[in-house]
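FYI, side chains are in, hydrogens and waters are out, and symmetry mates aren't considered; it's all heavy atoms of this structure. Each chain gets a letter, A, B and so on, in the order the sequences are listed, and its residues count up from 1.
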Amino acid sequence: MEHSLGEDSIPGSGSFDKSRVLNVKPLRSLVPVFPSAPNGSSFSTPQGGAPFVCATPSGPFPNGACPFFPFFTSDSQRPPEQNTSAAANQGGPFGFSNPISNAVPINSFRTPTPTRAGRAQQHTGVANGDTGSGSSRRVTRSRAQTEDGYSENQNQVSEYYGTDGTEVEERGKVGRPKRKAQKRISGGGGKHANVPSDADIDMVVDKIQTSFNDKFGQTEGDRASVEYLTMMYDLFRRRVLQADDLKDAVPGLSRRPDLRAGTLFLNKGIRANSKKRIGTVPGVEVGDIFFFRMELCLVGLHAPSMAGIDYMGIKNTGEEEPLAVSIVSSGGYEDYAEDPDVLIYSGQGGVNRRDKELSDQKLERGNLALEKSTHRANDVRVIRGVKDLSTVSGKIYVYDGLYRINESWTEKAKNGCSVFKYKLVRMPGQPEAFRIWKSIEQWKGGATSRVGVILPDLTSGEEKLPVSLVNDVDDEKGPAHFTYTSILKYSNPINSTVPSSGCVCIGGCLSGNSNCPCLEKNKGSLPYTANGLIVSQKSLLHECGASCQCPPNCKNRVSQSGLKFHLEVFKTKDRGWGLRSWDPIRAGAFICEYAGEVISPSKIDKFGVDTDDDYTFDATRNSQPLGVLPGEPDEAPKIPFPLVISAKYAGNVARFMNHSCSPNVLWQPISRENKNESDIHIAFYAVRHIPPMTELTYDYGIISQDDADQRKKKCLCGSSRCRGFFYQ
DNA sequence: ACTGATCAGTTGTAT
DNA sequence: ACAACTGATCAGTGA
């Protein structure tokens, strides 16, 4: 199926479909950039075609662009080591005799209009009118490269000069000013005491801006800043969503917290990599996942908020030409995207959004840039949309690394209009990304089986979903014996100080219901978004419980719904057994609770079982809150008694989560309404979006007692901010 | 529960 | 001003 689809799209390949061939017109043919597709691609590339014959169906290239490319060097001339991810990380294309300036501030491709861009100039001090065609004042400068290819621009001054010739600061930390005032119904939130007003929202952004600049004001883009940025974005988005949920929905007024949060961030300059560039984006890793187009924009991966092709003007010898820098393939057009290393991408246009008239695609904008990039063989970042039924949009964006355009052509679509097609081939040596998704799809469908599976379900049916036990690194057959339980067991009931009778929300607790005692305990608002994401970390989160009359699917029972992701317990290389997920996990999602037996801290002292018990959760330790917006009350976990859980003999998946000094999972104490008994649980939520097969880790916290040294272990988390040790 | 249609909304680029 | 592979919502269909 895949095969025939692929061949259908390739002129000159094996199968011969007359009706198709008649419709296929080669845009041009040239010596393939790659002698053969890497990694055994199922695609065959036409070999030995006429070199550099340019035959566009729509006539000569506009703008005097030359179809011949003197900078193009043949593949054999390229240094072999550049065919690696290290080369891919250099950030620039090879095959050019001259290094090209490949970082340009977004919003500065062309001469700005005096209206909007002029305003931006005024506010930001960025003179960005000179990077367009005919520019002669741009100063190119080779960037210092670190070992992993990230540019070291800690003290980077502007690469650009102002229109008057004076040098201007361009940190990219200040975005363009607000254009139009947002169309919002103001005052709509006044009904409830704790509804954040628009002014409150603005204040939060200001604090995020300050916090972001304090932490990363000197960096243009690195892993830590990108992680912080994406984490803050979704935290803020969830906060805006919560505020919207509390307001009465206004029919017709679309609720787009993703856009609102994104716009506010961009306007405040809360973004990474504001310079457009070819190749790798500092701080963004192959395999990173995103849930909104705005996120791609914020981290500097792909600037347009909707368009699938991002491009920039590159001047090499006199003529400036547009080159593609990144594309998003997410199902809007008929792309062929089954092969993990090859992507047949459709050009843009041909569809009128208003009247839905169809027409031939034109060789302009993104299509022209892709065409130029085909000749120039520059790296193009590829973001693939993958199907995901858990999201409302139905897809997740996966950054799949650098590709190069191998060839291009036009073909007639079913509707008779001509469409541009571009064949992109993945650069070898990059970490797996989309390929992992394809593998998991096959594991789940049973088409292929996961290598190294010891047990398909170590919970023996205790959980709703199976948890695989996998070892693909050595011979160990599994962790020491334990009993799987999904329950937290209180051996000695601890009397609660505050008895509660729960709520009577028969249809489930609704955000905005000021009569619900459970919501009141959470300062008046539902602590989760409507789709079950935690809004922010709290000292104690109050869920509905046994004494509540709301149904099990109540929005305030998120941590009681069991596993929602297919997890696997796997053998790590150097840290024993660990936990990871086959499914993507979005920021704020509930992962699991910590099951086991509640033990009293005094008990472990007396019996001395603490030091050899690797499977405890100790809520009395100190740790940094991770899911809190700057400026919000930053309270430590507040549990009415010193809670310690042992999962040595009985526990769930949580016992396998390792420590990290920069974790992707946070823990949160949950109180469930249960009359006179304390029903405190520990629940884990994703700090940020977690790609499939990424190890799940949380911060074990700091012990301040005297006996701390007994539990001190060398930390192997590998984070750049590693403390060097952790407490077992 | 899915699917398609509809529509407000955003960005960078082009005129 | 405009194009653009958004994303939320709502009506309709279906088990």
Legend entry - Over 12 non-hydrogen atoms of neighbours within 6.0 angstrom of NZ in A:Lys464: yes

Legend entry - N/O donor-acceptor pair under 3.5 Å between A:Arg557 side chain and A:Pro551 backbone: yes

Inset, instruction - Identify whether any heavy atom of A:Gly366 sits under 4.0 Å from a base atom; if not, whether one sits that close to sugar-phosphate; answer base, sugar-phosphate or nothing. - result: nothing

Legend entry - Canonical and wobble pairing (Watson-Crick, G-U, under 3.5 Å) of DNA chain B, dot-bracket with |: ||||||||.||||..

Inset, instruction - Would you classify A:Tyr345 as touching base, sugar-phosphate or nothing, given that sugar-phosphate means primed atoms plus P, OP1 and OP2, and contacts are heavy atoms under 4.0 Å? - result: base

Legend entry - Residue whose closest nucleotide on DNA chain B lies nearer the 5' end, A:Pro304 versus A:Leu389: A:Leu389

Inset, instruction - Could you check whether A:Ser329 gets within reach of a base, just the sugar-phosphate, or nothing at all, counting any heavy atom under 4.0 Å? - result: base

Legend entry - Nearest listed nucleotide, side chain of A:Asp335, among B:dG9, C:dC5, C:dT9: C:dC5

Inset, instruction - Select base, sugar-phosphate, or nothing to describe what A:Gly332 touches, counting heavy atoms under 4.0 Å on all strands. - result: base

Inset, instruction - Provide, to the nearest angstrom, the distance between the CZ atom belonging to A:Arg293 and the P atom belonging to B:dT10. - result: 15 Å

Inset, instruction - Check every strand shown and say whether A:Asn352 touches a base, only sugar-phosphate, or nothing at a heavy-atom separation below 4.0 Å. - result: nothing

Inset, instruction - Specify the separation, in whole Å, of atom NE2 of A:His302 and atom C1' of C:dC5. - result: 9 Å

Legend entry - Side-chain-base donor-acceptor pair under 3.5 Å for A:Arg365 and B:dT13: no

